[in-house]
Structure formats: structure tokens, C-alpha cells
Amino acid sequence: MAAKSERRILITGSSGFIGSTCIRALAARNDYLLACPSPSQMDVSEKESVAQSVTKYQPDTIINFAAHRNANTAELQRGDKNGSAWLANVVGAKNLTEACSTYEIYLLHISSDMVFSGKEGKKGPYSESDIPENDPNDLSWYGWTKRQAEQAVISNKNACVVRIGNVTKPIYDPRLDYIGKIQWLYDTGNSYPLFCDQNITLTYIPELVDSLIQLIDARMSGIYHVASDDVTTPVELAEYLMSNVRPDRNKVKKASIDEYLNTHPNRYPKDGGLMSQDTQKRLGKKFRSWQRVVDCFVKYAT
Ligand SMILES: NC(=O)c1ccc[n+]([C@@H]2O[C@H](COP(=O)([O-])OP(=O)(O)OC[C@H]3O[C@@H](n4cnc5c(N)ncnc54)[C@H](OP(=O)(O)O)[C@@H]3O)[C@@H](O)[C@H]2O)c1
């Protein structure tokens, strides 16, 4: 294996919410040579484009952040294997897996808690060894494409899948940040009711970056969960957040996910969330509780 400073990492999805943040953190460590082609330079859904980038950058590791991540627009493509969700998420993961197998490149693929249904009889939170949902009718289309991608990646012994969900970082970015968005909607007078009966976990980006580095350095294979050490609900989280940043707890509006799922079936897992105890043990880490993640958001991002 090359010395750490000579290790070449090719990163897809580098302009995205998570990819861009992870790249800044990886670059700050000065330990790796990073190649971050744009989708027009490397379209993961095009086999030839993947092959050209692998030849050009000669990576020993690929981190795949590339995805069609918007679950609402993905749902409009249900069943369409020519749609961008299937192409970016499934075909992309297959192309990367194939290239990595051929050139003995270590592949780290980012996946989602949405590969689980959270339904009655199959409730989360889910451990790393739980089998993801096998019925596409019990998942969102986005979740199903991520599920199919995982199957492709994990067939390669020199690869790992890292599942995350409800991502937040210590920089205020209200667009996609799970916690930041709640505060932003509240501050702009646009807050809508949050679910009081949905179980979720949080992924804190600094913990994700540290885990990725460890996985890459040791080239660990298998499935990993980077998630808060315990479960919460959107309402519980928002009330805790607001009691810290805007001490007016009554402002958090409540709704039931059951009613929402009547009109948007399978869009989100009701009893979802990821258990990360096995990952913490294997990496020798202790991930924060959801409250400590909110505390970090409040301390650094507000
Ligand atoms: N954000 C979350 O809360 C969350 C939760 C669970 C899992 N994840 C997973 O985390 C990963 C990163 O998500 P994110 O939130 O950073 O998503 P994002 O902000 O939407 O970024 C996705 C990236 O993928 C690129 N991309 C899309 N199609 C591509 C293609 N065919 N070839 C190459 N690049 C392509 C996008 O480029 P353009 O912008 O130019 O299209 C963008 O840079 C994804 O695997 C997602 O499923 C995210």
C-alpha cells in the first residue's frame, strides 16, 4: 500500500452537501492526494466516463458521494430505470464497483437509513447486520435505488457501505442541514408541523469524516452506521433545539407521520433510525447522543 501522503482518493459528488464538507476536512489533513471531478468530467452513470477518470487519476480509493438524493423528485421516477435516480444511484454504484474490482481500488460508498422501511413488523432502529427492505413497494423509490446500490457495492470484498441519515454539520447551512433547516424555517416564519411519532437518528459530519478516514486507512470492508448513539423524534429534537436557541418551546408545531404517510406512502420510515453500536465498537469510537449533536450545532453553527 502507498504511504499515506501518496494515497490517491477519487471523490464523486464532491460539489454536494456532504461531499463538499468532507473534502474540506480531508484536504485540511494534508494526508491524501484528492481528485474531485465534476459530474460533467466524471458521470458515474456512464461506464466509459468512470473508466476514463480511473485511468486519469489512478486512485487507490474512491469515495462515492454521487447520488440523486432528493426523495421527492426521485418518487416521480418510480419504476423508471432511465431516470436520474436509478442512473446515478444504481448504475453509478455498479459502474464504480466494476471499475474498483478490475483495478483493485478500495471503494467507500455512502448509503442511507432509507434502505429500511420502518414499518410495523420491521421496526427500527436498525443494526448493521439487519437485512434492508426487499420489497420495493415498502420503500420510497430513492430508498429502493440506494438499496440496489448497496447490493452491488457489497458484492466487492474490497469495499464498504457507510449508512447515514438526517445529516448535520457545525457550519450554518439551512438548505439541507437537518437541524439548520428547522431553525431557518422557524426564523423565517415558515415552520411547518414536525412529526411527533417518527423515530430518527442524526449523523454529525465531523464524526462521519473521522470514520471515513479510519475506514480508508485500514481499508475496512462491510457495512457501517454513522449515527447518533440514541433515537429521537423530530418534535423532541426541535423542542430541545428551540429551548436552546430561541427559548419559546410552544412554537414547535406537531403532526403525525401516520397522516402524512396516508398521502405519501413509504416516503419516510416511521420507526426508522440507525443503531451504530457495532460500528462504534469496530472503530473504537463513541458517537454522540442526539442531544450532544444538537449541542454541537448550537455551539458552532448558530
Ligand atoms: N443529505 C442527507 O441528509 C443524506 C442522508 C442519507 C444519505 N445521504 C447520502 O449521502 C450522499 C451525498 O448526499 P448529499 O446530501 O451530499 O447529496 P447532494 O448534495 O445532492 O450531492 C450529490 C452530488 O452527486 C452529484 N451527482 C449527481 N448525479 C451524478 C452523476 N450521474 N455522476 C456524478 N455525480 C453526480 C451531484 O452533482 P450536481 O449537483 O452537479 O448534480 C452532487 O455533487 C448520497 O449518497 C446520499 O444518498 C444523504
Side-chain angles (χ1 to χ4, degrees), residues 10-25 35-54 62-74 77 82-96 99 107-116 118 126 132 139-150 152-153 160-169 171 173-182 200-205 207-209 211-212 223-228 234 267-269 272-274 276 293:
L10 173 55
I11 300 176
T12 69
S14 56
S15 62
F17 174 66
I18 300 172
S20 58
T21 315
C22 289
I23 286 165
R24 275 197 295 277
C36 307
S38 67
S40 60
Q41 294 164 323
M42 178 183 179
D43 181 341
V44 294
S45 68
E46 298 284 341
K47 202 178 271 200
E48 190 52 33
S49 177
V50 171
Q52 279 171 5
S53 286
V54 166
I62 295 180
I63 307 179
N64 183 28
F65 292 107
H68 179 123
R69 193 204 36 87
N70 186 319
N72 293 328
T73 54
Q77 300 175 9
N82 292 312
S84 54
W86 187 270
L87 291 176
N89 298 359
V90 185
V91 178
K94 286 184 178 171
N95 288 340
L96 292 170
L107 175 61
L108 191 154
H109 172 79
I110 304 295
S111 191
S112 164
D113 55 348
M114 305 260 286
V115 300
F116 295 106
Y126 301 95
L139 289 178
S140 64
W141 184 243
Y142 166 75
W144 182 243
T145 62
K146 297 298 287 183
R147 165 56 170 138
Q148 294 296 305
E150 283 191 0
V153 172
C160 78
V161 167
V162 179
R163 293 193 188 116
I164 58 176
N166 306 309
V167 179
T168 186
K169 59 186 185 182
I171 303 163
D173 183 346
R175 284 176 315 131
L176 298 165
D177 190 293
Y178 191 81
I179 301 177
K181 191 171 176 189
I182 294 172
I200 57 164
T201 45
L202 301 174
T203 295
Y204 188 48
I205 286 194
E207 290 180 337
L208 176 63
V209 172
S211 303
L212 298 187
I223 293 177
Y224 297 86
H225 288 176
V226 178
S228 54
R267 195 62 60 87
Y268 302 113
L274 298 171
S276 55
V293 173

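The model shown is predicted, which means the values in this text are computed figures rather than measured ones. Position 1 is the first residue of the sequence, and the numbers go up from there. Order of listing sets the numbers, starting from 1, for every ligand and every atom in it.
- For the residue pair His109/Asn64, the side-chain donor-acceptor check at 3.5 Å is satisfied.
- At distances below 3.5 Å, at least one donor-acceptor pair connects side-chain atoms of Thr203 with backbone N or O atoms of Gly165.
- Scored by the ring pair (Phe, Tyr, Trp, His ring centres under 6.0 Å) test, Phe17 finds no partners at all (sequence neighbours excluded).
- Tyr126 pairs by the ring pair (Phe, Tyr, Trp, His ring centres under 6.0 Å) definition with Phe116, not counting sequence neighbours.
- To the nearest 0.5 Å, atoms CD1 (Ile63) and CD1 (Ile18) are separated by 12.5 Å.
- Remark: Lys181 engages no residue in a salt bridge (charged side-chain N to carboxylate O under 4.0 Å, His left out) (not counting sequence neighbours).
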Which protein N or O atoms sit under 3.5 Å from any N or O of ligand 1? Give each pair with its distance.
from, atom 1, to, atom 2, distance (Å)
ligand 1, 15 (O), Arg69, NE, 2.9
ligand 1, 16 (O), Phe17, N, 3.2
ligand 1, 16 (O), Ile18, N, 2.8
ligand 1, 17 (O), Arg69, NE, 3.2
ligand 1, 19 (O), Phe17, N, 2.8
ligand 1, 24 (O), Ala67, N, 3.2
ligand 1, 31 (N), Asp43, OD1, 2.9
ligand 1, 32 (N), Val44, N, 3.0
ligand 1, 43 (O), Ser15, OG, 2.7
ligand 1, 43 (O), Gly16, N, 3.2
ligand 1, 45 (O), Ile110, O, 3.3
ligand 1, 45 (O), Lys146, NZ, 2.7
ligand 1, 47 (O), Tyr142, OH, 2.5
ligand 1, 47 (O), Lys146, NZ, 3.0

